[in-house]
Amino acid sequence: MRPTLLVAKELLGKYLVYHSPQGIMMGEINEVEAYIGYHDPACHAARGKTKRNAVMFEKGGHAYIYFTYGMHYCLNIVTEREGFPAAVLIRSLIPREGIEIMKKNRKKENDTHLTDGPGKVCQALGLTTKQNGIDMIASDMLYLTEGNKKIPAIQKSERIGIREGKDKYWRFYYSL
DNA sequence: TGAATGATGCGCT
DNA sequence: GCGCATCATTCAT
């Protein structure tokens, strides 16, 4: 496995593909955040391994999906080696296929804001903790493909929506 | 700007 | 075991 920050940047522009029971959906990743190891106070695994964050300790390529704020799921892709907790949070996608399914899942007609937030991404794709722990390298249901190779310049900033660890500039994104 | 909303995890009994 | 504070969010006001 390679460094999480490098993987995070490489994920930008890739297509996330999900073969759901409803049909195939695909989105281009355009915003991610890195959460790395014991020394990152914002990382779920910073205070040790628990039942909830156990997937983060798997080897890279697994999907870590967790439930938060009582109503939202977030999708992460685990990085690094087995035993070292790190993951990249998928904050935003650009819908490419299965947009009608996403609209149905989101119950909104407005397709410009279908997947522009971590909770919205999971809601649009229909991802829940049932998909938690999927090996995205071996799976033919949820996986990544090479996507847009000509993405705009990658920008970075402090991470969003967290209490601690804002001094780390581990949010990577590009705008259209 | 703040309410909704529930699983998680820590500290205490 | 039990209760309470916390939380990588979203949407409506």
Side-chain angles (χ1 to χ4, degrees), chain A residues 1 3-12 14 16 18 25 27-58 60-80 84-95 99 101-134 136 142 144 154-175:
Chain A
M1 291 302 129
T4 300
L5 293 177
L6 177 63
V7 174
K9 281 182 258 191
E10 287 179 352
L11 283 174
L12 289 173
K14 282 199 167 29
L16 176 74
Y18 178 44
M25 285 176 280
E28 182 178 324
I29 298 170
N30 75 328
E31 183 174 343
V32 299
E33 281 178 12
Y35 289 87
I36 307 172
Y38 302 99
H39 303 295
D40 177 2
C43 179
H44 283 174
R47 288 180 192 83
K49 187 175 183 177
T50 65
K51 188 179 178 183
R52 175 162 170 245
N53 62 33
V55 176
M56 282 186 117
F57 290 77
E58 298 289 329
H62 287 250
Y64 170 43
I65 301 170
Y66 67 94
F67 190 63
T68 191
Y69 291 105
M71 53 178 78
H72 294 292
Y73 296 97
C74 292
L75 170 64
N76 301 247
I77 297 176
V78 177
T79 61
E80 303 289 343
F84 183 89
V88 177
L89 169 70
I90 308 300
R91 288 196 63 85
S92 178
L93 299 176
I94 304 166
I99 293 175
I101 305 172
M102 295 182 191
K103 280 185 184 174
K104 192 179 165 193
N105 287 340
R106 296 267 298 130
K107 296 185 170 60
K108 303 268 183 187
E109 288 301 316
N110 187 346
D111 60 337
T112 57
H113 298 296
L114 270 179
T115 55
D116 62 346
K120 296 180 188 179
V121 169
C122 286
Q123 194 184 357
L125 297 189
L127 294 172
T128 70
T129 48
K130 284 181 186 172
Q131 282 78 35
N132 188 32
I134 288 178
M136 297 177 72
L142 180 66
L144 297 168
I154 294 175
Q155 306 180 60
K156 67 177 180 178
S157 79
E158 66 193 43
R159 290 177 294 179
I160 287 179
I162 54 174
R163 253 170 109 93
E164 298 180 280
K166 288 184 179 170
D167 55 322
K168 307 271 199 305
Y169 278 61
W170 288 351
R171 172 174 175 247
F172 303 99
Y173 66 99
Y174 61 89
S175 39

Can you sort out the partners of A:Lys104 under side-chain contact (heavy atoms from CB on, under 4.5 Å), two or more places apart, ordered by chain and number?
-> none
Under the salt bridge (charged side-chain N to carboxylate O under 4.0 Å, His left out) test, which residues partner A:Arg106, sequence neighbours left out?
-> none
Atom pair distance, as rounded to whole Å: CD in A:Glu164 and P in C:dC7 = 7 Å
Counting distance only, does the side-chain N/O of A:Lys9 pair as donor-acceptor with the main-chain N or O of A:Leu5 below 3.5 Å?
-> no
Which two nucleotides bound the region of DNA chain B that has atoms under 4.0 Å from heavy atoms of chain A, read 5' to 3'?
-> B:dA4 to B:dG9
Between A:Arg163 (CZ) and C:dA8 (P), how many Å, whole number?
-> 9 Å
Excluding sequence neighbours, so at least two apart, what forms salt bridge (charged side-chain N to carboxylate O under 4.0 Å, His left out) with A:Lys168?
-> none
Can you name the residues that form a ring pair (Phe, Tyr, Trp, His ring centres under 6.0 Å) with A:His72, not counting sequence neighbours?
-> none
Extract from the structure each pairing of a protein N or O with an N or O of nucleotides 9-13 of chain C at less than 3.5 Å, listing the distance.
| from | atom 1 | to | atom 2 | distance (Å) |
| --- | --- | --- | --- | --- |
| C:dT9 | OP1 | A:Arg91 | NH1 | 3.3 |
| C:dT9 | OP2 | A:Gly161 | O | 2.8 |
| C:dT9 | O3' | A:Gly119 | N | 3.4 |
| C:dT9 | O2 | A:His72 | NE2 | 3.3 |
| C:dT10 | OP1 | A:Gly117 | O | 3.4 |
| C:dT10 | OP1 | A:Pro118 | N | 3.1 |
| C:dT10 | OP1 | A:Gly119 | N | 2.8 |
| C:dT10 | OP1 | A:Lys120 | N | 3.1 |
| C:dT10 | O4' | A:His72 | NE2 | 3.0 |
| C:dC11 | OP1 | A:Arg106 | NH1 | 3.0 |
| C:dC11 | OP1 | A:Arg106 | NH2 | 3.2 |
| C:dC11 | OP2 | A:Lys120 | NZ | 3.3 |

For A:Pro118, what residues pass the side-chain contact (heavy atoms from CB on, under 4.5 Å) criterion, not counting sequence neighbours?
-> A:Cys74, A:Leu89, A:Arg91
All stems that DNA chain C takes part in, i.e. 3 or more consecutive Watson-Crick or G-U pairs with distances under 3.5 Å, are B:1-4 with C:9-12, B:6-12 with C:1-7
Can you list the residues that meet the salt bridge (charged side-chain N to carboxylate O under 4.0 Å, His left out) rule with A:Arg159, with sequence neighbours excluded?
-> A:Asp40
Qualifying residues under side-chain contact (heavy atoms from CB on, under 4.5 Å), relative to A:Tyr73, sequence neighbours excluded = A:Ile65, A:Phe67, A:Cys122, A:Thr128, A:Thr129
Of all residues at least two apart in sequence or in a different chain, which pass the side-chain contact (heavy atoms from CB on, under 4.5 Å) check with A:Glu158?
-> A:Tyr169
Counterpart residues, ring pair (Phe, Tyr, Trp, His ring centres under 6.0 Å), relative to A:Tyr173 (two or more places apart) | none
